[in-house]
Amino acid sequence: MSYNPYENMLNVLEKAAGMLGLEKSDYEELKYPERELKVSIPVRMDDGSIRVFEGYRVQHSSSRGPCKGGIRFHSQVDIDEVKALAAWMSLKCAIANIPYGGAKGAVKVDPRSVSHAELERITRRYTAAIFPLIGPERDIPAPDAGSTSEMMGWIMDTYSMMKGYSVPGAVTGKPIGIGGSLGRSEATGRGILFTARELFHRLGRELQGACIAIQGMGNVGGTTARLMFREGCKVVALADISGGVINYEGLDAEALYQHCYINRNFLESYNAPGVIHCTSEDVLCADADLLIPAAMENQLTAEIAPNVKAPLIVEAANGPTTVEGDEIFAKMGKYIVPDILANAGGVVVSYFEWVQNTQSLMWDEEQVNGMLEKTMRRAFAEVLNKAKEYNTTLRLGANMVALERLVTAKRIRGIFP
Ligand code: GLU
């Protein structure tokens, strides 16, 4: 069966709606994105030739506030993926209880396959193409897989030039020098740490000393590995697109972060005493207390799930577990903190950034991290309570919390005209 992330999203949403006893008419609208824009992005390449790239921006819901979500730069991206990612943003913002709806954008390109100057031209032209849809009160982009803070700076500048004045609140995840928030670049990883800590506490355990396996060495995976390492966890297995490394005595996550994220190398060229090279699948199936998929969708499938040893899973990626994989995990008795709760730290600090931008405030990092921790802990408690009330999984609990808030907003607003 071919994997469709949008079907995956709808499947879980339907189940949650059923458990809540919602009428079809209460949530029918949420099955469809409000707007889908497809754009072509002509760019002059360094050799003088013209290439036309494909881009998207999907706005899933604006019931609870402006649409919000990142922009993915990836060679394989398609509209169903962007639609699913946009819907997950609506659910995520509702769970974190921040006043946003959900959106997502994408450009079909491997950012490593073009030069830095070409990447800047692609990003700026894409911004111009989606300009009619975005803005601080309308839809606010941010980084996602394959996009960086520097690229958010180009988006901010392009948007501002087209408006004729500086609009820092048009995009989040910007460099600090133009209105980015302290703590934003590490926010998703830090949110994962808070979530994992909360999970362990609820189970009567300490996170310190726990063995962790992480798939993904981008901003989210790399930061999570480093923060967990600093917390006193034993990071035993890590993977990126080149493969994985395992050391059950513990890997040096600081050195690996430097090697992969800062110096832009792959894990396959990392060597240190005791380090064994393996596949990404070996990392997902490593002997660990906690598995953190922090790469892409569709990783924990029906084929892989039976071999996953970690009893606890915290989803840092969006949609890493398929519906079939999830069913197998449920039978195995695994405890899973779903993506729309666990990885909300990024968009929560994006919200703090936008609040600072739109009100000309400047907060210190301690304040930002403190508010992030409070928000994550509250969201975790609300989801856990809902799951307990309905005697179900955290995934369905999270979807139920989100659905209730989205449906309430829709009900209050009604249908125009
Ligand atoms: N791309 C991130 C996510 O999937 C962050 C989105 C944002 O900050 O708007 O949650």
Side-chain angles (χ1 to χ4, degrees), residues 5 9 56-62 64-74 77 81-96 98-107 111 130 133-136 138-149 151-152 155-156 168-175 179-181 183-192 195 216 218-221 223-224 293-297 314-320 337-358 368 371-372 375-376 379 398 402:
M9 186 282 298
Y56 310 95
R57 185 74 185 169
V58 174
Q59 298 176 337
H60 173 261
S61 168
S62 60
R64 301 183 67 257
C67 299
K68 184 85 189 82
I71 299 168
R72 177 165 293 194
F73 280 62
H74 197 276
V77 79
E81 185 180 353
V82 185
K83 275 165 67 180
L85 289 162
W88 283 324
M89 286 308 303
S90 302
L91 302 174
K92 199 184 293 188
C93 293
I95 292 165
I98 52 177
Y100 285 142
K104 202 79 167 200
V107 178
I130 64 165
L133 254 55
I134 59 172
R138 210 172 263 185
D139 177 0
I140 307 118
D144 195 71
S147 56
T148 61
S149 173
M151 290 155 79
M152 300 307 114
I155 293 176
M156 181 272 193
V171 59
T172 58
K174 301 177 291 293
S181 178
R184 174 61 185 89
S185 65
E186 293 191 322
T188 311
R190 183 162 282 118
I192 295 293
T195 305
N219 176 23
V220 178
T223 303
T224 302
M296 286 287 170
E297 301 92 51
V314 172
E315 295 181 340
N318 292 309
V337 186
D339 47 6
I340 49 177
L341 167 62
N343 73 25
V347 73
V348 167
V349 178
S350 273
Y351 165 57
F352 298 156
E353 180 174 329
W354 175 81
V355 169
Q356 292 173 80
N357 295 154
T358 50
V368 170
M371 292 192 303
L372 171 63
T375 309
M376 295 303 293

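The model shown is predicted, which means the values in this text are computed figures rather than measured ones. Just so it is clear, the values below take in all heavy atoms, side chains as well, and ignore hydrogens, waters and symmetry mates. Counting starts at 1 for both ligands and their atoms, following the listed order.
Ligand-side atoms of ligand 1 in range of V347: 7 (C), 8 (O), 9 (O), range being under 4.0 angstrom from any heavy atom. Residue contact check: D144 has heavy atoms under 4.0 Å from atoms 1 (N), 2 (C), 4 (O) of ligand 1. Those atoms of ligand 1 with a heavy atom of S350 less than 4.0 angstrom away are 7 (C), 8 (O), 9 (O). Atoms of ligand 1 found under 4.0 Å from any heavy atom of G346 (numbered from 1 in listed order, with element): 8 (O).
For a threshold of 3.5 Å applied to N or O pairs, the pair formed by M89 and ligand 1 contains no separation below that value. At least one N or O atom of K104, backbone or side chain, sits closer than 3.5 Å to an N or O atom of ligand 1. Every N/O-N/O distance between T172 and ligand 1 stays at or above 3.5 Å.
Within the 4.0 Å heavy-atom shell around ligand 1 one finds P143. Residue M152 places every heavy atom at 4.0 Å or more from ligand 1. Between G69 and ligand 1 there is a heavy-atom distance shorter than 4.0 Å.
In this structure, V368 and F352 approach most closely via the heavy-atom pair O-CE1, 3.9 Å. What you find for G216 and A295 is that their closest heavy atoms are CA-CB, 4.2 Å. Summarising the geometry of A402 relative to I95, their closest heavy-atom pair is CB-CG1, 3.8 Å, with the distance given to 0.1 Å. Residues D139 and L133 share a closest heavy-atom pair of CB-O, 3.5 Å. The shortest heavy-atom contact between T195 and M376 is OG1-CE, 3.4 Å. Residues M152 and T172 share a closest heavy-atom pair of CG-O, 3.5 Å.
Shortest contact from atom 9 (O) of ligand 1 to any protein heavy atom: K68 NZ, 2.8 Å. For atom 7 (C) of ligand 1, the nearest non-hydrogen atom of the protein is A142 CB, 3.3 Å. Closest to atom 10 (O) of ligand 1, if we only count protein heavy atoms, is K92 NZ, 2.7 Å. In terms of protein heavy-atom proximity, atom 5 (C) of ligand 1 is closest to R184 NH2, 3.6 Å.
Between the side chain of E315 and the main chain of N343, no donor-acceptor pair closer than 3.5 Å is present. Side chain of N357 to main chain of G179: a donor-acceptor pair is present (N/O by atom type, distance under 3.5 Å, no hydrogens or angles).
The proximity of V349 to ligand 1, defined as any non-hydrogen pair under 4.0 Å, does not occur for either the backbone or the side chain.
Proximity of I140 to Y100: side-chain heavy atoms (C-beta onward) are separated by under 4.5 Å at one or more points.
Checked by atom type, the side-chain pair S350/R184 shows a donor-acceptor distance below 3.5 Å.
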